[in-house]
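Below, chains carry the letters A, B, ... as their sequence lines are ordered, and counting in each starts from 1.
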2 protein chains.
Amino acid sequence: MTEASDRFTRLYSALRERICLLDAPPGTKLSEEALAAEFGTSRTPLRRVLARLEDEGLVESRHGVGTLVTDVDAEELRQVYALRLELTHLAGVLSPAPITDETRAQLEDFVQRADALAAAPTPRGFAQLNMDYHAFGLSLTGNVALREASERLYFRTARIWLQSIPRMDLASECAIFLDELHQTRTALAANDPQAAALIRRAHISMSMNRLYA
Amino acid sequence: MTEASDRFTRLYSALRERICLLDAPPGTKLSEEALAAEFGTSRTPLRRVLARLEDEGLVESRHGVGTLVTDVDAEELRQVYALRLELTHLAGVLSPAPITDETRAQLEDFVQRADALAAAPTPRGFAQLNMDYHAFGLSLTGNVALREASERLYFRTARIWLQSIPRMDLASECAIFLDELHQTRTALAANDPQAAALIRRAHISMSMNRLYA
DNA sequence: TGCTCAAATGCTGTGCACAAATTGGCCTGC
DNA sequence: GCAGGCCAATTTGTGCACAGCATTTGAGCA
């Protein structure tokens with residue numbers, strides 16, 4: 001890993017997280033110069049990062065205007081979720097990674113974090129936990145192409161959830177998430193990655209339905 | 001569409017086609033300066049294009065060395081194909097676009113082109129036809145996310161076919177492709193997009209198996 | 001003749017200055 | 001008072017020059 005690609009990854013992750021956790025809600029202007037100053041680089045490397053975010057549909061650059069965080073329209077959301085459902089199912093079928101003790105230990109960490117969160121829930125904390133759990137789910141798939149496609153889709157619409165949480169019941173969402181973890185624990189204990197994938201799929205589906213309510 | 005994004009699309013399509021049709025086979029050095037001169041721009045806009053190609057895994061930029069067209073290793077090929085199979089199936093299930101007379105007319109065009117090709121087959125001509133037909137297949141899907149993911153995967157490994165054709169029977173490949181078109185015509189005549197997708201999936205699967213032989 | 005090392009060459013990465021474009025405010029004229 | 005146009009400020013897009021890095025090549029030497 002060179003210094004250049006290292007910095008790229010750092011900037012990219014930071015901006016993506018900023019967008020998906022609504023530190024930069026849709027419509028926010030991401031000034032190249034301001035960000036370059038903040039991260040201690042010049043505009044050039046930063047523009048490389050913004051270009052990738054634009055390819056992924058998270059921002060939109062307009063000449064003479066600025067680089068704006070995009071919004072997610074309803075139809076796009078529907079289509080992305082429909083595809084994510086199927087990809088999640090495929091993760092359990094195509095080439096599941098072997099379930100090891102480390103896998104189960106990681107899940108236990110998530111259970112602990114979810115317990116702690118349920119005691120003092122915050123929207124942002126939940127969104128962060130959910131994002132980390134998504135990354136964990138991807139690590140259970142051996143198919144790199146599937147992993148990349150799923151990741152792309154996830155981040156494309158991840159900010160929707162935090163936008164909708166005011167209309168939802170946070171405590172209830174935490175409880176449901178904890179349920180999912182418990183069910184997944186059972187699946188992992190039985191060495192059944194396909195069952196784990198189906199559980200995840202079911203919860204993504206239900207989550208989408210609650211989103212629309 | 002601004003002039004800038006127009007040029008970007010033009011450069012991007014040109015380079016991608018150059019890579020996938022083996023005008024620039026794996027290992028080729030794509031010199032930024034040479035390409036900039038050829039397309040009549042400076043290095044800056046061209047680097048934006050190369051950056052995207054790198055994100056998509058078609059080239060790899062190395063500091064002090066050059067920007068090289070990547071090779072496709074066997075495992076990557078296997079994983080991409082495995083996922084493409086499933087996505088093709090999904091194209092017929094998730095949100096198939098309505099089949100119109102124009103759809104059928106387009107297919108007839110492909111039949112004619114395939115007939116002409118079968119009379120005087122060339123590897124490059126076949127690859128080009130196959131690429132166009134892939135784009136046609138995508139147009140039958142209403143799910144934008146699915147379309148983009150499929151396109152990405154297709155171009156990621158498209159160059160493999162032309163690399164392998166010397167070890168295969170070109171005339172036979174043409175005949176098989178013509179068969180697929182005829183079967184698809186039947187499916188479209190019956191207004192059955194799911195059947196069309198299954199046919200496509202079956203042929204992609206068989207194509208992959210012939211590739212490995 | 002073969003090996004080593006250093007200089008030169010060619011490439012991508014970066015920073016900076018300028019061009020192009022849009023927006024919003026202000027001013028003028030009616 | 002209002003409408004319309006013009007101008008200036010702000011922002012992204014582009015071109016260029018230089019820095020940093022890897023490879024190559026050739027001279028010198030054993």
Side-chain angles (χ1 to χ4, degrees), chain A residues 1-16 18-19 23-71 156 159, chain B residues 1-16 18-19 22-72 156 159:
Chain A
M1 176 77 68
T2 71
E3 179 195 337
S5 71
D6 197 21
R7 168 169 62 178
F8 174 84
T9 304
R10 193 163 44 83
L11 294 188
Y12 172 74
S13 300
L15 287 184
R16 189 179 63 178
R18 204 170 284 195
I19 292 170
D23 295 328
T28 305
K29 185 160 68 183
L30 298 179
S31 165
E32 298 183 351
E33 202 154 352
L35 289 175
E38 178 188 345
F39 289 105
T41 74
S42 79
R43 278 179 61 207
T44 309
L46 195 116
R47 281 177 59 76
R48 170 73 177 84
V49 174
L50 290 179
R52 173 146 171 191
L53 289 172
E54 184 169 20
D55 286 339
E56 292 174 344
L58 270 69
V59 305
E60 180 186 356
S61 282
R62 284 192 235 172
H63 192 179
V65 179
T67 301
L68 310 176
V69 177
T70 57
D71 210 339
R156 178 138 184 181
R159 55 199 184 282
Chain B
M1 176 78 68
T2 70
E3 179 195 336
S5 71
D6 197 21
R7 168 169 63 179
F8 174 84
T9 304
R10 193 164 44 83
L11 294 189
Y12 171 73
S13 300
L15 286 185
R16 190 179 62 179
R18 204 170 284 195
I19 293 170
L22 293 194
D23 294 330
T28 304
K29 187 160 64 183
L30 298 179
S31 165
E32 297 184 352
E33 201 154 352
L35 289 175
E38 176 187 346
F39 288 106
T41 74
S42 79
R43 279 179 58 206
T44 308
L46 195 115
R47 279 177 60 76
R48 171 74 177 84
V49 174
L50 290 179
R52 174 146 171 189
L53 289 173
E54 184 169 20
D55 286 339
E56 293 174 342
L58 270 67
V59 304
E60 180 186 357
S61 281
R62 281 193 236 172
H63 191 182
V65 179
T67 301
L68 310 176
V69 177
T70 57
D71 211 339
V72 182
R156 178 139 185 182
R159 55 198 183 283

| Is the phosphate of D:dG13, meaning OP1 or OP2, less than 4.0 Å from a side-chain N or O of A:R43? | no
| query | Taking atom CD of A:E33 as the centre, does the number of heavy atoms from other residues, nucleotides or ligands within less than 6.0 Å exceed 12? | reply | no
| Value in whole Å for how far the P atom of D:dG15 lies from CZ of B:F39 | 15 Å
| message | If you assign each of A:T41 and A:G64 to its closest nucleotide in DNA chain C, which residue comes earlier from the 5' end? | response | A:T41
| task | Would you kindly give the CD-to-P distance between A:E33 and C:dA17, to the nearest whole Å? | result | 11 Å
| query | Rounded to whole angstrom units, what separation is found between the CD atom of B:E60 and the P atom of D:dA22? | reply | 14 Å
| said: Categorize A:L30 for me: base, sugar-phosphate, or nothing, with a 4.0 angstrom heavy-atom threshold over every strand shown. | reply: sugar-phosphate
| query | Side-chain N or O of A:T44 less than 4.0 angstrom from OP1 or OP2 on C:dT14? | reply | no
| task | Measure the distance from NZ on A:K29 to C1' on C:dA21 and round it to the nearest whole Å. | result | 13 Å
| field | Under-4.0 Å side-chain N/O to phosphate OP1/OP2 contact, B:T67 with C:dT12 | value | yes
| Reckon A:R62 touches a base, only the sugar-phosphate, or nothing at all at heavy-atom distances under 4.0 Å? | sugar-phosphate
| request: Quickly work out the B:L50 CG to C:dT12 P distance and round it to whole Å. | output: 8 Å
| field | Gap between atoms CG and P, on A:L46 and D:dT11 respectively (whole Å) | value | 14 Å
| task | Starting at atom CZ of B:R48, determine the distance to atom P of C:dG13, rounded to an integer number of angstrom. | result | 15 Å
| query | Applying the side-chain contact (heavy atoms from CB on, under 4.5 Å) test to B:L35, which of B:R18, B:R43, B:R47 qualifies? | reply | B:R18
| request: Give the intermediate values and the outcome of side chain to side chain donor-acceptor pair (under 3.5 Å) for residues A:R159 and A:T70. | output: CA-CA 10 Å; A:R159 55 199 184 282; A:T70 57; 2.8 Å; yes
| said: Checking contacts here: which listed nucleotide (D:dT12, C:dT12, C:dT14) is nearest the side-chain heavy atoms of B:E32? | reply: C:dT12
| field | Side chain B:H63 and base D:dG20 donor-acceptor under 3.5 Å | value | yes
| query | Is the side chain of A:E54 donor-acceptor paired with the backbone N or O of A:S61 at a distance under 3.5 Å, no angle test? | reply | yes
| task | May I have the distance from A:E3 (atom CD) to D:dC21 (atom P), rounded to whole angstrom? | result | 8 Å
| Within 45° cone of A:F39 ring axis and under 6.0 Å: A:R10 NZ or CZ | no
| said: Between D:dG15 and B:R47, counting only base atoms on the nucleotide and side-chain atoms on the residue, is there a donor-acceptor pair under 3.5 Å? | reply: no
